[in-house]
Amino acid sequence: MEAVAAIAGLNRQFGIAGIASVVEGNGGLLKVRITSPHATGEMYLHGAQVTSWKPTGAEEALFLSSRSHFEDAHAIRGGVPICFPWFGDKADDAKAPAHGFVRTKAWQLESIAQAADTITVGMFTGSDEVTRKWWPADFRLVHRATFGRELSLELMVTNTGAKPLRFEEALHAYYRVGSIEPARVQGLGGVHYLDKTDSNRERVQQGDIVIVSETDRVYLNTEAEVELEDPVFARRIGVDKRNSRTTVVWNPWIEKARALSDLGDDEWRQMICVECSNVSDFAVTLAPGQQHTMNTTVRVAPDTAS
Ligand code: TA6
């Protein structure tokens with residue numbers, strides 16, 4: 001009964017008839033469902049996580065694991081999880097949750113706005129007694145997702161405390177591919193990267209990225225737009241970004257995929273993560289009251305060449 005009342009209340013306040021509504025999603029978690037002439041999409045309040053974007057006339061662009069958890073304590077495996085305020089393991093606390101704590105937090109709906117061809121959904125969260133246990137700092141986060149022919153995401157961080165704030169962040173996007181083996185990531189040739197499968201050894205990318213084994217790399221000091229070429233789906237996914245100095249590329253391949261309980265054994269073939277981020281030496285520092293916004297825009301285009 002409570003969920004029904006909460007949903008009704010949120011739809012009265014934010015719903016747009018026939019276009020955007022709050023509904024009960026997997027595991028009873030609430031999500032905003034978008035059905036516009038230009039795209040359909042979904043965004044959960046759990047982690048302010050976009051889990052679907054499908055431009056009209058195109059295939060779903062985001063990968064979502066068939067084995068994902070949809071529970072308070074777990075991150076959703078797929079879509080675009082938000083990593084904040086650290087990336088990967090917390091350097092000084094092995095017990096801390098990987099990729100920070102906001103991807104398992106219940107965010108609040110801030111706004112749903114309709115413009116000519118787009119729908120923008122805004123959600124927010126901030127520091128509280130739980131977050132301060134892991135990270136003694138005060139902050140406010142706003143995540144806005146704009147659904148249309150393109151998908152645009154912006155993550156805005158405000159230092160609401162009295163001390164400088166230093167954090168890492170990533171929009172940990174999972175893109176859906178027809179098959180990973182013939183796929184290629186273009187745009188990072190010549191860029192230095194840290195190879196997390198080889199003790200973070202620093203290397204230089206030679207040409208396109210082709211996935212032939214577990215791949216877990218942090219590309220450094222790059223604001224380059226990348227293109228994901230997917231011959232099986234005969235499409236290209238373009239990802240550009242602003243205020244982001246690192247790009248993470250990840251595919252777990254066979255063994256790592258088997259070790260992940262919330263990923264189907266064979267699903268590594270259908271996904272690749274390309275993550276606009278500010279991690280490692282490119283973590284962001286904000287003075288009290290200061291704000292930082294990282295943006296990414298995703299486009300899907302048929303690949304006439306393949
Ligand atoms: O973004 C790549 C990465 O940091 C990998 O090291 C891998 O662990 C992946 O994220 C997934 O992390 P998760 O905590 O969601 O299992």
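Nothing here was measured: the structure is a model prediction, and the numbers come from that model. Both counts, for ligands and for their atoms, begin at 1 and track the order of listing.
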Quiz item: Just distances here: any N/O of His99 and N/O of ligand 1 closer than 3.5 Å?
Solution: yes
Please indicate whether any nitrogen or oxygen in Lys256 is less than 3.5 Å from any nitrogen or oxygen in ligand 1. no
Short list, please: which atoms of ligand 1 are under 4.0 Å from a heavy atom of [X]?
| X | answer |
| --- | --- |
| Arg77 | 11 (C), 13 (P), 15 (O), 16 (O) |
| Phe87 | 1 (O), 4 (O) |
| Val248 | 1 (O) |

protein heavy-atom neighbour closest to atom 1 (O) of ligand 1 works out as Glu275 OE2, 2.7 Å
Asp195 atom CG: more than 12 heavy-atom contacts under 6.0 Å: yes
Quick look: Arg103 vs ligand 1, heavy-atom contacts under 4.0 Å, and the answer is side chain
Are Arg235 and Glu59 within salt-bridge range, i.e. N to O under 4.0 Å? no
Is the distance from the ring center of His99 to that of Phe87 below 6.0 Å? yes
If we ignore hydrogens and angles and just use 3.5 Å, is the side chain of [X] paired with the main-chain N or O of [Y] as donor and acceptor?
| X | Y | answer |
| --- | --- | --- |
| Thr118 | Thr146 | no |
| Asp138 | Ala162 | no |
| Ser277 | Thr246 | yes |

To atom 6 (O) of ligand 1, the nearest of Asp216, Leu260, Thr197 on a heavy-atom basis is Asp216
